[in-house]
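Working notes for the structure below.
Start at 1 with the first residue, then count along the sequence.
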Amino acid sequence: MSQIAFINNKPFTFNDGETILNFVRRIKEKRDAIPTLCDAPNLEPFGSCRVCSVEVSMTQDGPTRTVASCHTPVTNGQFIYTDSQSIQKLRKNIIELVLTDHPMDCLTCEVNGNCELQDVAAQVGIRKIRYPNGKNHLDRTKDLSHPYMTSDFSKCINCYRCVRACDEVQGQFVLNMSGRGFDNHIIKSSNQTFFESDCVSCGACAQACPTSAISDVFQSKSNLADEKIQTTCTYCGVGCNLEVSVKNGEILSIQAPYDAAVNQGHTCLKGRYAFKFYNHQDRLRTPLIKKNGEFVTATWDEAYDFIVQKLTSIKSQFGPDAIAGISSARTPNEENYLMQKFIRAVIGTNNIDCCARVCHSPTALGMQRAFGTGAATNSIEDLDFTDCILLIGANSTDAHPVTGAKIKQKFMKGVTSIVIDPRKTELAKYATYFLQLKPGTNVALFNMMLYYIISENLVDQSFVDTRTEGYLDFKNQILALDMEELSNITGVDKNLVKNAAIAYAKAKAAMEFHGLGVTEHSQGTFAIQLIADLVMLTGNVGKKGAGMNPLRGQNNVQGAADMGAQPHQGAGYLDVTNLEINQLYNTFYGSTVPTKIGYKIPEMFNAAIDGDLKAMWIIGEDVVQTDPNTQKVIQALSNLDLLIMSEIFMTETCKYATVILPSSSFLEKEGTFTNGERRIQKVNKVVEPLLGTKPDGVQVIEVMNRMGYDQKPYSGETMLEEISQIVPFFAGVKWDRLGTMGLQWPVKPDGEDTKLLHTVEFTRGKGSFAFYPFEASNELNNYSKDYPYIITTNRELEHYNCGTMTRRTGNVEILTEDVLMINPMDAAKELINDGDFVCVESPRGKVDIKAKITDEVLPGILSSTFHFPEIMLNIITSNEHDSEALCPEYKVVSCRIRKSKGKYKKEMEAKYVS
Ligand code: SF4
């Protein structure tokens with residue numbers, strides 16, 4: 001039954017639970033009727049400033065009372081008066097009092113013309129202030145300590161929006177109110193500067209602040225911009241929507257739209273602030289060809305002629321399989337599609353891969369085997385519908401910060417939470433159950449969980465019977481396992497595992513997330529299949545608030561694989577060995593595409609060392625710094641006759657190139673990225689390509705055309721049109737349909753998209769159970785005697801992967817180097833103090849790195865990042881990889897340690913730092 005309330009005596013229908021403010025704002029002609037100050041779109045109602053006050057009555061012209069509209073629900077038959085005389089007087093008086101304690105320097109203020117206080121003062125009709133000045137805030141000094149965040153609390157109006165943004169959006173609790181009455185003021189942490197505080201620089205407070213009391217060095221809230229252009233973040237797979245302010249062709253700042261489906265006004269410091277790499281002096285601005293060991297500048301024609309002549313000659317002399325490409329998970333779908341098309345349809349080989357190989361290739365393979373589709377089953381918005389979160393091998397507040405912040409909010413609000421990780425991550429500290437297992441023992445631990453769910457009769461039998469196959473064999477194998485033995489292997493108490501398994505199985509809807517802590521292991525694919533078993537066993541798939549959800553690393557790693565940048569499946573995950581599919585590709589591309597599966601990335605390096613692979617084209621991947629066993633990668637690249645690099649900076653890998661093509665960054669190109677929840681979002685060109693650079697897709701097309709293939713000129717729209725004709729789940733994806741929110745694949749021809757997969761049946765029909773026993777990594781079997789420590793790699797919030805972009809932004813002032821996490825007991829045993837250099841040696845080599853003593857890691861376990869070329873941590877990582885998908889085993893590396901004088905660090909700096 002519809003419910004009616006009256007706004008200024010006119011009837012309107014309201015929604016259940018709607019506040020008066022939201023009700024009035026929803027009615028178009030009333031939208032601006034109520035001014036607010038402490039209200040913000042992504043914050044809970046607060047009711048502090050009272051500027052949103054309205055009068056309400058249960059009868060027309062009856063007695064009224066005054067309420068704050070932001071937190072008062074509408075009731076049936078209610079009469080709401082938004083601008084009665086007494087309300088106008090009240091609002092004006094409130095603003096007058098606020099202004100007594102606010103400097104009147106509007107003309108020189110950075111937010112002049114875009115200040116919410118200024119707007120509200122104008123709306124309520126302030127002409128002069130009847131009260132004497134307050135003295136509270138006017139003498140405070142500005143905080144300019146931080147590379148991004150600034151504050152000037154003389155402008156603070158005590159609305160608490162910054163405090164609430166820090167608490168409710170980021171969950172960091174840095175900002176607070178101190179003092180009473182006139183001494184009431186905002187402080188950071190324990191009254192520190194931004195730089196000294198625990199601030200994670202997400203900028204939520206600056207965006208929330210209605211004045212310039214908290215802002216940033218880019219003055220993001222100023223109205224200096226000529227235009228604001230929406231695009232999608234280039235860093236991680238969350239895929240935040242960004243609004244970029246531009247003036248005279250230069251980027252001024254970035255904000256987050258409140259109506260963005262993915263990030264609702266939030267970002268991390270990478271998306272919001274780490275954009276100044278785009279016009280950094282180090283950007284490559286001209287093609288380079290290596291002659292006599294030195295790079296010399298070349299024109300685009302010279303570079304293309306060189307590439308075409310060399311590729312043609314290698315192809316005719318050694319065949320197409322002597323050539324390979326690595327496409328980039330940082331570039332748009334359209335460019336990935338073009339690159340794989342070039343390698344397949346023009347070169348004539350399936351030797352194409354992308355960095356999904358070194359992160360989530362086991363996820364794609366394992367989920368394809370279990371469900372038929374290797375992508376997230378649910379959407380991030382389902383966090384609002386779950387009552388249990390299982391987070392495995394993912395430090396998401398650092399690596400997927402906006403999703404991580406949402407998960408953190410759920411953990412803090414009491415949703416049952418299970419964290420499985422060798423490291424006590426930030427989220428582990430809030431978890432109901434924290435299972436701190438030994439690195440490399442995921443399979444043993446998942447088998448324990450499966451055992452307890454079956455033995456405690458918590459199986460969703462109806463789901464298993466109707467939706468799956470292979471259960472009986474699987475069950476018998478699981479029930480034959482010895483829990484005591486597995487508990488010893490994992491290092492986790494069996495009762496803790498049992499309780500966590502019971503909590504997961506008993507939840508009405510349990511949502512699983514996992515990261516590289518599951519995949520980057522020798523048993524990565526098997527671990528993924530066991531997670532799929534957990535999900536199916538408990539009926540946690542095909543429904544809201546549940547599912548299996550890989551947290552994708554790079555911004556477009558999902559899209560790169562979707563577009564066919566992998567050696568066994570072409571665009572749309574179609575099997576390259578299938579003759580019918582092959583005919584489809586041949587006809588569509590107008591060329592002959594091979595049916596032989598191509599090299600995966602590790603196989604490319606092996607083939608190059610063996611002399612079978614002669615040429616590679618790598619787009620936007622710094623394999624020397626990021627792929628395991630650096631010396632081996634260098635040996636492989638050095639052995640090539642031709643290494644083409646499309647890059648924005650002179651990376652470690654570029655140094656081994658034969659020819660370098662200067663690429664345009666994401667801010668200078670258009671296309672689409674696909675985030676971790678299968679959402680295809682537009683990347684809009686914000687500024688023109690930096691002079692001398694070209695987008696990767698344009699480079700590929702120009703080489704294709706010179707090699708005799710007629711490929712249409714690049715535009716996001718034309719490329720998407722072509723992709724929609726060959727990738728089945730892109731059938732309805734059209735440029736104009738994407739809007740600002742994007743669409744989640746599969747998208748039907750009529751444009752209908754899909755938030756939830758496998759609702760009625762799995763893509764493969766029935767879900768497939770599979771059992772795998774635990775097997776220790778070869779790395780430990782072979783080396784643990786002489787190399788007794790295990791180092792496991794991770795990421796930090798401030799830097800992205802090899803840091804090529806983030807190290808050229810203010811982020812480098814916040815996090816300056818890689819460090820080695822070491823447990824206090826190990827530090828004491830090895831006589832290592834905090835900040836000492838430690839020599840970490842593995843069977844592959846050694847590095848020097850500064851110690852950070854912390855109980856985040858258990859005794860015997862070390863952890864570090866590979867963001868900085870000065871350390872080159874991948875010198876020590878191994879050749880071990882997942883047995884199925886060949887994803888490297890970054891997470892289990894045998895090593896030994898000793899205190900050092902930093903000798904190897906100096907050698908590395910001499911070698912790698914230009
Ligand atoms: Fe970009 Fe990821 Fe940060 Fe969002 S969470 S702003 S997508 S890096």
Side-chain angles (χ1 to χ4, degrees), residues 17 38-46 71 160-176 189 198-208 233 236-241 256-272 376 378-392 394-421 424-434 503-504 507-515 544-547 549 551 675-677 797:
C38 73
D39 180 71
N42 58 348
L43 301 179
E44 294 293 326
F46 195 54
H71 67 170
Y160 281 76
R161 274 164 62 165
C162 59
V163 178
R164 288 148 59 214
C166 193
D167 296 358
E168 294 172 21
V169 179
Q170 181 58 37
Q172 196 64 14
F173 305 99
V174 169
L175 300 169
N176 215 331
S189 292
D198 298 328
C199 174
V200 290
S201 328
C202 70
C205 56
Q207 181 158 333
C233 179
C236 87
V238 174
C240 291
N241 204 308
Y258 283 115
D259 62 356
V262 171
N263 49 314
Q264 301 90 23
H266 194 207
T267 68
C268 72
L269 83 165
K270 295 189 284 284
R272 192 187 295 269
N378 288 54
S379 306
I380 297 299
E381 67 178 29
D382 282 17
L383 278 168
D384 288 337
F385 302 93
T386 192
D387 51 358
C388 177
I389 297 170
L390 170 60
L391 181 69
I392 313 171
N395 180 18
S396 54
T397 49
D398 275 6
H400 320 91
V402 164
T403 298
K406 289 179 184 176
I407 294 174
K408 186 175 173 184
Q409 292 290 342
K410 296 295 169 193
F411 277 27
M412 290 190 299
K413 285 179 181 149
V415 167
T416 301
S417 49
I418 305 162
V419 169
I420 301 174
D421 207 295
K424 199 193 287 173
T425 58
E426 183 183 7
L427 287 173
K429 293 168 194 160
Y430 293 91
T432 323
Y433 304 95
F434 173 36
Y504 175 77
K508 283 199 200 87
M511 203 167 178
E512 186 274 348
F513 294 95
H514 65 268
K544 259 194 127 32
N549 302 284
L551 290 162
N675 78 354
E677 51 170 9
L797 168 71

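The side-chain contact (heavy atoms from CB on, under 4.5 Å) test applied to T432 returns T416, S417, not counting sequence neighbours. Take K544 and apply the salt bridge (Lys or Arg N to Asp or Glu O under 4.0 Å) test, not counting sequence neighbours, and it matches E381, D382. Remark: D421 engages no residue in a salt bridge (Lys or Arg N to Asp or Glu O under 4.0 Å) (not counting sequence neighbours).
Annotation for A256 and T267: closest pair CB-CG2, 3.6 Å, computed over non-hydrogen atoms. When every heavy atom of A376 is checked against every heavy atom of G676, the shortest pair comes out as CB-O, 3.2 Å. Shown here for H400 and V238, the closest heavy-atom pair between the two residues is CB-CG2, 3.8 Å. Among all heavy-atom pairs drawn from Y504 and C388, the shortest one is CA-SG, 4.0 Å. Here the closest heavy-atom approach between residue A428 and residue V419 is recorded as CB-CG1, 3.9 Å. The two residues A510 and A507 make their nearest non-hydrogen contact at CB-CB, 4.0 Å.
At least one side-chain heavy atom of L797 sits less than 4.5 Å from a side-chain heavy atom of L269. Counting heavy atoms from C-beta on, the side chains of Q207 and R272 come closer than 4.5 Å. Looking only at side-chain heavy atoms (C-beta outward), V262 and N241 stay at 4.5 Å or farther from each other.
With hydrogens and angles ignored, the 3.5 Å screen pairs no side-chain donor or acceptor of Q170 with any backbone N or O of D167. No side-chain donor-acceptor contact under 3.5 Å links Q172 to the backbone of V200. No donor-acceptor pair closer than 3.5 Å links the side chain of E512 to the backbone N or O of L391. Using a distance-only test at 3.5 Å, with no hydrogens or angles considered, no donor-acceptor pair links the side chain of R161 to the main chain of L43. Looking only at distances, a side-chain donor or acceptor of N378 sits under 3.5 Å from a matching main-chain atom of A546. With hydrogens and angles disregarded, no donor-acceptor distance shorter than 3.5 Å links the side chain of K408 to the backbone of L427. Formation of a donor-acceptor pair under 3.5 Å by the E44 side chain with backbone atoms of E168 is not found in this model. Between the D387 side chain and the A509 main chain, a donor and an acceptor come within less than 3.5 Å of each other. Judged by distance alone, the side chain of T425 and the main-chain N or O of N395 form no donor-acceptor pair under 3.5 Å.
With rounding to the nearest 0.5 angstrom, the CG atom of L551 is 6.5 Å from the CD1 atom of I380. Within the model, atoms SG of C268 and CG of D398 stand 10.0 Å from one another, a figure rounded to the nearest 0.5 Å. Distance check: I420 CD1 to L390 CG gives 5.0 Å after rounding to the nearest 0.5 Å. The NZ atom of K406 sits 6.0 Å away from atom OG1 of T403, with the distance rounded to the nearest 0.5 Å. Rounded to the nearest 0.5 Å, atoms NZ (K270) and SG (C233) are 8.0 Å apart. Remark: D198 CG to C166 SG distance equals 9.0 Å, nearest 0.5 Å.
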**Request:** Just do the side chain to side chain contact (heavy atoms under 4.5 Å, CB included) check on D384 and K410 with the steps written out, would you?
**Result:** CA-CA 8 Å; D384 288 337; K410 296 295 169 193; 2.9 Å; yes

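Heavy atoms from other residues, nucleotides or ligands lying under 6.0 Å from NZ of K429 number more than 12.
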